[in-house]
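Single-structure report; data block below.
What's counted below: heavy atoms across the whole structure, side chains too, no hydrogens, waters or symmetry copies. Just so it is clear, the structure is predicted and the values come from calculations on it, not from any experiment.
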Amino acid sequence: QARLVESGGGLVQAGDTLSLSCVASGFTFRQWNMGWYHQAPGKERDAVAWINANGNAEYADSVKGRCKISRNNSNNTLFLHIDNIKPEDAGTYFCGQIAHMQAQPKRWGQGTQVTVSL
């Protein structure tokens, strides 16, 4: 019954801000660490950011300085904001439920696709 559903993908202008959401259900969201992951076309899936149950965040080098991960435990929602979107940011974004920071998720969402226009 546990589920993660991403939303917010679509066409984003280069230089603009990407805003994504992930709604969790079927588990006690507030007790779990969460993460965002990015998979560019033809590339492997890479971590973007992580946030633990206490709200402490970590970021990948590729997005440091222009990314914020946050969570709202009242409505079981995970957020991702990336400023100054670049063409290489295009691809599919997934949220994940993780037992430990920087570990592989035990559960993935279905993903939301992001296209970057020049």
Side-chain angles (χ1 to χ4, degrees):
Q1 291 184 322
R3 186 181 297 273
L4 300 169
V5 181
E6 302 93 337
S7 62
L11 183 62
V12 182
Q13 188 80 25
D16 285 357
T17 297
L18 174 68
S19 298
L20 303 177
S21 298
C22 171
V23 178
S25 61
F27 66 97
T28 307
F29 177 77
R30 69 173 66 88
Q31 296 179 350
W32 286 86
N33 306 317
M34 300 291 295
W36 282 102
Y37 306 82
H38 168 244
Q39 187 167 17
K43 301 287 188 176
E44 294 184 343
R45 190 174 302 180
D46 295 319
V48 176
W50 307 262
I51 185 167
N52 70 12
N54 296 129
N56 298 313
E58 298 177 11
Y59 300 95
D61 289 341
S62 62
V63 298
K64 280 184 178 177
R66 61 188 185 104
C67 183
K68 182 180 180 180
I69 184 172
S70 61
R71 63 194 298 162
N72 187 334
N73 290 338
S74 296
N75 59 16
N76 298 337
T77 304
L78 178 73
F79 302 97
L80 181 71
H81 301 278
I82 304 178
D83 295 329
N84 191 26
I85 286 294
K86 305 173 182 180
E88 55 263 39
D89 293 325
T92 305
Y93 285 80
F94 303 85
C95 65
Q97 176 187 357
I98 54 180
H100 192 80
M101 298 288 277
Q102 299 187 14
Q104 286 295 308
K106 67 173 295 180
R107 180 173 291 105
W108 298 95
Q110 85 290 346
T112 184
Q113 186 172 317
V114 174
T115 302
V116 179
S117 65
L118 274 58

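- Side chain of Glu6 to main chain of Gly111: a donor-acceptor pair is present (N/O by atom type, distance under 3.5 Å, no hydrogens or angles).
- Rounding to the nearest 0.5 Å places OG1 of Thr112 at 8.5 Å from CG of Leu18.
- Of the inter-residue distances, the one linking Leu80 atom CG with Met34 atom CE reads 11.5 Å to the nearest 0.5 angstrom.
- Under a cut-off of 6.0 angstrom, the local environment of CD in Gln113 is sparse, with at most 12 non-hydrogen atoms contributed by other residues, nucleotides or ligands.
- Hydrophobic clustering, defined by side-chain heavy atoms of Ile, Leu, Val, Met, Phe, Trp and Tyr closer than 4.5 Å, leaves Leu118 isolated from every other such residue.
- With rounding to the nearest 0.5 Å, the separation of CG in Asn33 from CD in Glu58 is 9.5 Å.
- The nearest pair of heavy atoms linking Gly35 to Ile98 is N-CD1, 4.3 Å.
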Only distances under 3.5 Å count here; give the side-chain donor-acceptor pairs of residues 48-55 to other protein atoms, sequence neighbours excluded, each with its distance to 0.1 Å.
{"from": "Asn52", "atom 1": "OD1", "to": "Asn54", "atom 2": "N", "distance (Å)": "2.9"}
{"from": "Asn52", "atom 1": "OD1", "to": "Gly55", "atom 2": "N", "distance (Å)": "3.0"}
{"from": "Asn52", "atom 1": "OD1", "to": "Asn56", "atom 2": "N", "distance (Å)": "2.9"}

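- The shortest heavy-atom contact between Leu4 and Ala24 is CD2-CB, 3.6 Å.
- Side-chain contact check for Ile85 versus Gln13: every heavy-atom pair is 4.5 Å or farther apart.
- Looking at Cys22 and Tyr93, their side chains never come closer than 4.5 Å, going by heavy atoms from C-beta outward.
- Across Trp36 and Phe79, no two heavy atoms sit closer than the pair NE1-O, 3.1 Å.
- Rounding to the nearest 0.5 Å places OG of Ser7 at 7.5 Å from CG of Leu20.
- Remark: Cys95 SG to Gln110 CD distance equals 7.5 Å, nearest 0.5 Å.
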### Message
Using side chain to side chain contact (heavy atoms under 4.5 Å, CB included), reason through Ile82 and Arg66 one step at a time and then give a plain yes or no.
### Response
CA-CA 6 Å; Ile82 304 178; Arg66 61 188 185 104; 3.3 Å; yes
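- The shortest distance between side-chain heavy atoms of Pro105 and Gln97 does not fall below 4.5 Å.
- Cation-pi geometry between Arg107 and Trp32 is not met: the NZ or CZ atom fails to fall both under 6.0 Å from the ring centre and inside 45° of the normal.
- A distance of 8.5 Å separates OG in Ser25 from CD in Gln1, rounded to the nearest 0.5 Å.
- Salt-bridge check for Asp89 with Lys86: failed, with every basic side-chain N at 4.0 Å or more from each acidic carboxylate O.
- Side chain of Ser62 to main chain of Ala60: no donor-acceptor pair is present (N/O by atom type, distance under 3.5 Å, no hydrogens or angles).
- The aromatic rings of Phe27 and Phe29 sit tilted relative to each other, their planes meeting at an angle between 30° and 60°.
- Summarising the geometry of Tyr59 relative to Lys64, their closest heavy-atom pair is O-CE, 3.2 Å, with the distance given to 0.1 Å.
- Counting only distance, with no hydrogens or angles, the side chain of His38 and the backbone of Ala90 share a donor-acceptor pair below 3.5 Å.
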